[in-house]
There are 2 protein chains.
Amino acid sequence: MPTRTAAQLREEAAREYDAFLATCPARQLLDRISDKWVTLVLTALADGPQRYSDLSRRIAGVSQKMLTQTLRSLERDGLLTRSVTPSVPVRVDYDLTPLGRTLMPLISAIKSWAESHMPEVAAARTTYDTASTPA
Amino acid sequence: MPTRTAAQLREEAAREYDAFLATCPARQLLDRISDKWVTLVLTALADGPQRYSDLSRRIAGVSQKMLTQTLRSLERDGLLTRSVTPSVPVRVDYDLTPLGRTLMPLISAIKSWAESHMPEVAAARTTYDTASTPA
DNA sequence: CCGCATCCTTAGCGATACTG
DNA sequence: CAGTATCGCTAAGGATGCGG
């Protein structure tokens, strides 16, 4: 039994790390997860494990390079697992780790917000643009 | 009284827009708000209006260009307001709009997650790196 | 099927200098 | 104080072709 629980350790970490500071590791982590492809990959994995080709199809417009790069970075950060089935042809499945599952709902909320508030943002843009460019 | 409430309109929008589609406007919006500087600006404004110089000081390492660019984009999208006090020297205050206040807590949660889970991510990276580069 | 390696173009971004 | 304008670099990222 640890002298401090996991929740307590996270509280301490939150006090120690500050993304407002340029050199803080949390700033870099924030930069990593504040990424379009990261958002789409994590939310795509919400319903369960997915194959590489599934993700590629689901996330329209992503290049092989970006998908692989994103998956590798998320694997390295411990947010998802990569399991290879050595069949012919090979099959690769990606799944969220427990850590990834703690982040996923937060990311998912951002994606949902973008989808549900799109009309308001579009309206604001029109107002802004017409106000500054009345001709 | 509208035939549909604001909440109902957002539900419809959520069905209409899908960030998984490459050409969907929600995809572009997601890309905009999935940004390090956006996160830091919005969370900085959580406690109330801030002056340009305040934000500049609070968000360490941000260049004038990126700060101005981020603020303009957020203003255009209707997430914050820009108010100029024509004194000498001029004073400019930024504040969240109601729309911005709906997004802020979600963004803030991401920033908090990055700060509190940094140790676990760091550990995962070490494991990943030592496993692939043992020699 | 699932990548990695390479080339190449674009644009993000920082640094610097100047203005109301 | 709160920007705008310009330059120049670097790195993101798409396209293509090859490999296990």
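Numbered from 1 within each chain, the chains take letters A, B, ... in sequence-line order. Scope of the values below: all heavy atoms of this structure, side chains included, with no hydrogens, waters or symmetry mates.
The distance from atom CG of Leu67(A) to atom P of dG3(C) is 8 Å, rounded to the nearest whole Å. The distance between atom CG of Leu40(B) and atom C1' of dC13(C), rounded to the nearest whole Å, is 16 Å. Whole-Å rounding puts the Gln28(A) CD to dA11(D) P distance at 14 Å. Atom CD in Gln69(B) sits about 13 Å away from atom P in dG3(D), given to the nearest Å. In this structure, the CE atom of Met66(A) is 18 Å from the P atom of dT16(D), given to the nearest Å. Across the protein-nucleic acid pair, Asp93(B) atom CG and dC1(D) atom C1' stand 12 Å apart, rounded to whole Å. As a whole-Å value, the separation of Leu71(B) CG from dC1(D) P is 16 Å. In this structure, Arg72(B) atom CZ and dA5(D) atom P are separated by 11 Å, rounded to whole Å.
The backbone N or O of Leu40(A) lies less than 3.5 Å from a partner atom in the side chain of Thr43(A), making a donor-acceptor pair. With Ser108(A) contributing its side chain and Met104(A) its backbone, the two residues share no donor-acceptor pair below 3.5 Å. Between the side chain of Arg76(A) and the main chain of Ala124(B), no donor-acceptor pair closer than 3.5 Å is present. The main-chain N or O of Ala44(B) is found under 3.5 Å from a side-chain atom of Arg58(B) such that the two form a donor-acceptor pair.
For the OP1/OP2 pair of dA2(D) and a distance below 4.0 Å, the side-chain nitrogens and oxygens of Arg51(B) include at least one atom meeting the criterion. Phosphate contact (OP1/OP2 of dC2(C), side-chain N/O of Arg82(A), threshold under 4.0 Å): absent. Contact annotation: Tyr94(A) does not reach the phosphate of dC2(C) (side-chain N/O to OP1 or OP2, under 4.0 Å). For dA2(D), the OP1/OP2 oxygens have a side-chain nitrogen or oxygen of Ser53(B) closer than 4.0 Å.
For Val90(B), the listed nucleotide lying nearest its side chain is dA2(D); candidates were dC1(C), dA2(D), dT4(D). Of the candidates dC1(C), dA2(D), dG13(D), the closest approach to any side-chain atom of Tyr52(B) belongs to dA2(D). Considering only the side chain of Pro89(A), dC1(C) comes nearest among dC1(D), dC1(C), dC13(C). Proximity note for Lys65(A) (side chain, C-beta onward) versus dT4(D), dG14(D), dT6(D): the nearest is dG14(D).
Taking both residues in full, the closest heavy atoms of Asp95(A) and Arg101(A) are given as OD1-NH1, 4.1 Å, listed atom of the first, atom of the second, then distance.
Donor-acceptor pairing under 3.5 Å, judged by distance alone, is present between the side chain of Gln64(A) and the base of dC4(C).
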